[in-house]
Amino acid sequence: MLRPKIPTNPTPTGRVMPPVVVEPTTVVPSAQVPPPAPVASAPSRPTVQLTPGTALALVGGGTAVVLVVGAVLVSILLAVAVTGASVAVCALVIRSLVNADAKRR
C-alpha cells in the first residue's frame, strides 16, 4: 500500500532514427581588432556652486530639521513617561483596594 508505483517508459513508436555523429571543428584565430578609443563624455550635470546665501539656507534648513526631530522625540519620551507613571499609580490604587478588602474579611 505504501510502495510507490514507478511508471514504465513506453516503447518508441514509429521510425527510429540512428544517433547523429557530430564532428569537431577547428578554431581558426582571426585578426585582433583594437579596442575603440575612449570618448570623453560631457558631465551630465553642472557642478554645484555654494554662495553665502545658499550656504546660509542649507544651515538654516538643517537646523530646522534637527529642532523638529528633537521636539518629536522629546514628545514621545514624555508620553511614555506619563503613561508609565499613570500605570504605576493605577497599580498602587488597585493593590490598596485589594488589601483593604482582604483585611475586612
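If you're wondering where the values come from, they're calculated on a predicted model, not measured in any experiment. For reference, positions follow the sequence shown, starting with 1.
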Between D101 and L97, does a side-chain contact (heavy atoms from CB on, under 4.5 Å) hold up when you go through it step by step?
-> CA-CA 6 Å; D101 189 38; L97 290 174; over 6 Å; no

Side-chain donor-acceptor pairs under 3.5 Å in residues 50-59, sequence neighbours left out?
unit_1 : atom_1 : unit_2 : atom_2 : d
T51    : OG1    : T54    : N      : 3.4
T51    : OG1    : T54    : OG1    : 3.3
T54    : OG1    : T51    : N      : 2.9
T54    : OG1    : T51    : O      : 2.9

State the CG-CG distance between L77 and L73, to the nearest 0.5 angstrom.
-> 9.0 Å

Whichever hydrophobic residues join L78 through chains of side-chain contacts under 4.5 Å | V82

